[in-house]
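Notes follow once the structure below has been shown.
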Amino acid sequence: FAFELLEQLRMPEAAGHAASVESCEALLAALAEELRQHLRGTNPGSSERSRAVAARASVVKREPAAESAAAGPELARWSRRWNEALSRRAAESELLADAVEREESEIQVALGDLLREPRFIAAMWQSNPAMEVAVASYERYAAAKPGGAKTRQLERRFYAYAQRFAAKNETNSFFGP
């Protein structure tokens with residue numbers, strides 16, 4: 001199989017949103033570290049420290065921090081950046097969930113097409129004769145419980161075989177150089 005086979009089994013939009021969520025998480029981690037450094041530099045009994053400790057609770061709970069000019073310009077700026085990062089992460093997470101839902105149905109159709117490909121079935125059987133039973137099981141489970149745990153487990157196995165056949169450089173079965 002050509003490597004392009006895997007392009008049909010990708011979720012490019014979801015991957016982009018997942019990268020954005022990961023970027024937001026990295027920013028939140030950096031902001032949490034920035035707050036820890038700020039806490040180390042404050043006097044133990046000061047009101048600035050108690051406001052920073054309250055902000056630290058927002059970090060632990062992953063919720064918005066109170067924005068107040070009374071907290072001092074540095075902590076107010078930090079709170080604003082924290083809240084913006086949380087908001088961005090929430091928006092990207094929602095877009096990610098929508099993209100996964102949309103693209104998942106597309107790749108399930110592509111996987112179904114692949115499972116009707118005689119050469120793919122023969123190659124899987126040659127690699128593991130039990131895969132013939134797995135294909136029959138998948139058709140039964142997918143019809144009875146689309147999206148069920150067993151269906152998803154079998155889909156992961158088929159995706160792994162597709163990756164293996166597309167990427168492997170050997171002369172076994174129909175695939176290779």
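Basis for what follows: all heavy atoms, side chains included, without hydrogens, waters or symmetry-related copies. All figures in this text were calculated on a predicted structure; none of them were measured in a lab. By convention here, the first residue in the shown sequence is residue 1.
For Val100 against Ala14, the heavy-atom pair with the smallest separation is CG2-CB, 3.7 Å. Considering every non-hydrogen atom in both Glu155 and Leu111, the closest pair reads CG-CD2, 3.6 Å. Taking both residues in full, the closest heavy atoms of Leu28 and Ala85 are given as CD2-CB, 3.6 Å, listed atom of the first, atom of the second, then distance. Nearest heavy-atom pair across Leu86 and Pro64 is CD1-N, 3.4 Å. When all heavy atoms are compared, the tightest approach of Met11 to Ile107 is CE-CD1, 3.9 Å.
Ser93 places a side-chain N or O within 3.5 Å of a backbone atom of Arg89 that can act as its donor or acceptor partner. Ser23 places no side-chain N or O within donor-acceptor distance of the main-chain N or O of Ala19, the cut-off being under 3.5 Å. A donor-acceptor contact shorter than 3.5 Å is absent between the side chain of Arg157 and the backbone of Gln153.
Using a 4.5 Å heavy-atom cutoff, the side chains of Asp113 and Gln8 are not in contact. Side chains of Glu7 and Pro12 form no contact here, defined as non-hydrogen atoms less than 4.5 Å apart. Leu35 places a side-chain heavy atom less than 4.5 Å from the side chain of Leu75. The shortest distance between side-chain heavy atoms of Glu92 and Leu95 falls below 4.5 Å. Put simply, the side chain of Leu115 reaches to within 4.5 Å of the side chain of Met124, judged on heavy atoms.
Rounding to the nearest 0.5 angstrom, the gap separating the CD atom in Glu84 from the OG atom in Ser79 is 11.0 Å. Glu103 contributes atom CD, which lies 9.5 Å from atom CG of Leu96 (distance to the nearest 0.5 angstrom). With rounding to the nearest 0.5 angstrom, the CZ atom of Arg119 is 12.5 Å from the CD atom of Gln126. Here His17 contributes atom NE2 and Cys24 contributes atom SG; the two are 12.0 Å apart, rounded to the nearest 0.5 Å.
Evaluation of the side chain to side chain contact (heavy atoms under 4.5 Å, CB included) rule for Arg140 yields Ser137 as partners, not counting sequence neighbours. The ring-ring contact (aromatic ring centres under 6.0 Å, His included) check on Tyr138 picks up Phe158, with sequence neighbours excluded. Here Glu22 pairs with nothing under the side chain to side chain contact (heavy atoms under 4.5 Å, CB included) rule; sequence neighbours left out.
In this structure, Trp125 is not a member of the same hydrophobic cluster as Val135, with clusters built from ILVMFWY side-chain heavy atoms closer than 4.5 Å.
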Test log, rule side-chain contact (heavy atoms from CB on, under 4.5 Å), inputs Thr151 and Gln108: CA-CA 11 Å; Thr151 303; Gln108 284 173 337; 5.6 Å; no
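Between Trp78 and Trp82, the ring planes are parallel. Angles under 30° get that label, and only those over 60° would be called perpendicular.
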